[in-house]
Amino acid sequence: SFKNGTNGLQAEIQAFNFFKQDPSKFADILDSQTMEAFENFKIEFFGINFGEIPTWVWPIMLIPILSGLTALISSIISMAVNKKNNPAMANQGASMGVMMLMAPIMSLWIAFAVPAGVGFYWTISNIFLIFQTIIIGKIYTPEKLKELAEKEIEKNKSKRAIYTTATVVDKKTGEEKT
């Protein structure tokens, strides 16, 4: 039977889990091809069911914890790079510190309320964001950006059109026109 507390976001996953428990109950309403597709479909990764809502049970509890931890690391690195590139941000320390902690806590809390696949997605996204922030912070330093902007300004100056004027004399009247 379905677990108590099933809501619209998780009803499909609960139905899928119910099917996986006893596929024979669905033999009358599903054709053999659909039955086979359901039976062979896996929502597991390294033995963790991504359709399950995480609890404080090993190993599924790792997903929300990793989601919150990677969000915290991402916030710390992003804040450090931003302070390095924009010293004016150092004055906003208290408000930025609160946000740096609240976002990972919210990520942790929400990851315990939704299927494990969502927390896994956030974890992978945070890992990519960490690497992206580090790489872009190393490549595009303020000095490098200033140098690129100056080169672009010089390039645009040389592209500007030079306008000249010419004087034309009308043969009939002898009048000069510019």
Side-chain angles (χ1 to χ4, degrees), residues 7-10 12-13 41-54 59-178:
N7 63 32
L9 297 174
Q10 298 148 0
E12 293 84 1
I13 293 172
F41 186 76
K42 303 273 189 229
I43 53 175
E44 291 184 2
F45 187 68
F46 290 115
I48 298 174
N49 181 355
F50 279 7
E52 186 179 337
I53 296 174
I60 199 161
M61 71 181 193
L62 288 176
I63 292 175
I65 291 170
L66 287 173
S67 175
L69 186 64
T70 56
L72 178 64
I73 293 168
S74 173
S75 294
I76 290 169
I77 290 173
S78 179
M79 199 157 143
V81 169
N82 286 338
K83 280 184 180 179
K84 177 184 165 197
N85 293 343
N86 185 3
M89 285 187 69
N91 299 337
Q92 301 173 352
S95 62
M96 293 298 286
V98 169
M99 282 306 296
M100 184 181 74
L101 292 176
M102 286 306 294
I105 290 170
M106 292 297 294
S107 178
L108 176 72
W109 179 66
I110 293 171
F112 271 110
V114 296
V118 175
F120 182 75
Y121 171 78
W122 287 344
T123 301
I124 298 300
S125 296
N126 288 334
I127 290 169
F128 278 108
L129 181 61
I130 290 166
F131 286 115
Q132 176 184 346
T133 303
I134 291 170
I135 291 168
I136 289 177
K138 298 262 185 222
I139 294 172
Y140 293 107
T141 62
E143 297 81 23
K144 178 76 171 179
L145 291 174
K146 182 179 177 184
E147 180 184 319
L148 290 172
E150 288 170 353
K151 285 181 182 176
E152 188 70 24
I153 290 169
E154 287 301 316
K155 187 171 119 180
N156 287 340
K157 281 182 183 178
S158 66
K159 285 185 178 179
R160 290 187 185 144
I162 300 172
Y163 295 100
T164 59
T165 58
T167 304
V168 178
V169 178
D170 188 327
K171 291 182 180 180
K172 291 183 182 178
T173 62
E175 183 180 333
E176 293 184 3
K177 295 182 181 178
T178 308

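Predicted model only: the values in this text are computed from it and were never measured. The analysis underlying the following values was restricted to heavy atoms, covering all of them including side chains, and did not include hydrogens, waters or symmetry mates.
- Proximity of a side-chain donor or acceptor of Ser74 to a complementary backbone N or O of Thr70 within less than 3.5 Å is not detected.
- Within the structure, ring pair (Phe, Tyr, Trp, His ring centres under 6.0 Å) pairs that include any residue of residues 97-126 comprise Phe45-Phe120, Phe50-Phe120, Trp56-Phe112 (at least two apart or interchain).
- Among all heavy-atom pairs drawn from Ala71 and Asn126, the shortest one is N-ND2, 3.4 Å.
- Remark: Glu52 CD to Glu44 CD distance equals 9.0 Å, nearest 0.5 Å.
- In this structure, Thr123 and Leu66 approach most closely via the heavy-atom pair OG1-C, 3.6 Å.
- Two residues are said to be in side-chain contact when any heavy atoms from C-beta on lie closer than 4.5 Å; Ile105 and Leu72 fail this criterion.
- Rounded to the nearest 0.5 angstrom, Ile130 CD1 and Ile76 CD1 are separated by 9.5 Å.
- Nearest approach of Pro104 to Met99, heavy atoms of both residues: CD-O, 4.3 Å.
- Within the model, atoms CG of Leu148 and NZ of Lys146 stand 12.5 Å from one another, a figure rounded to the nearest 0.5 Å.
- Remark: side-chain polar atoms of Ser67 are not paired, donor with acceptor, to backbone N or O of Ile63 under 3.5 angstrom.
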Apply side chain to side chain contact (heavy atoms under 4.5 Å, CB included) to the pair Ile77 and Ile134, showing each step before the final yes or no. CA-CA 8 Å; Ile77 290 173; Ile134 291 170; 3.8 Å; yes
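- Here the closest heavy-atom approach between residue Thr133 and residue Ser78 is recorded as CG2-CA, 3.9 Å.
- For Lys172, there are no salt bridge (charged side-chain N to carboxylate O under 4.0 Å, His left out) partners, not counting sequence neighbours.
- Between Ser107 and Gly68 the shortest heavy-atom distance is OG-N, 4.2 Å.
- Residues meeting the side chain to side chain donor-acceptor pair (under 3.5 Å) test with Ser125, sequence neighbours left out: none.
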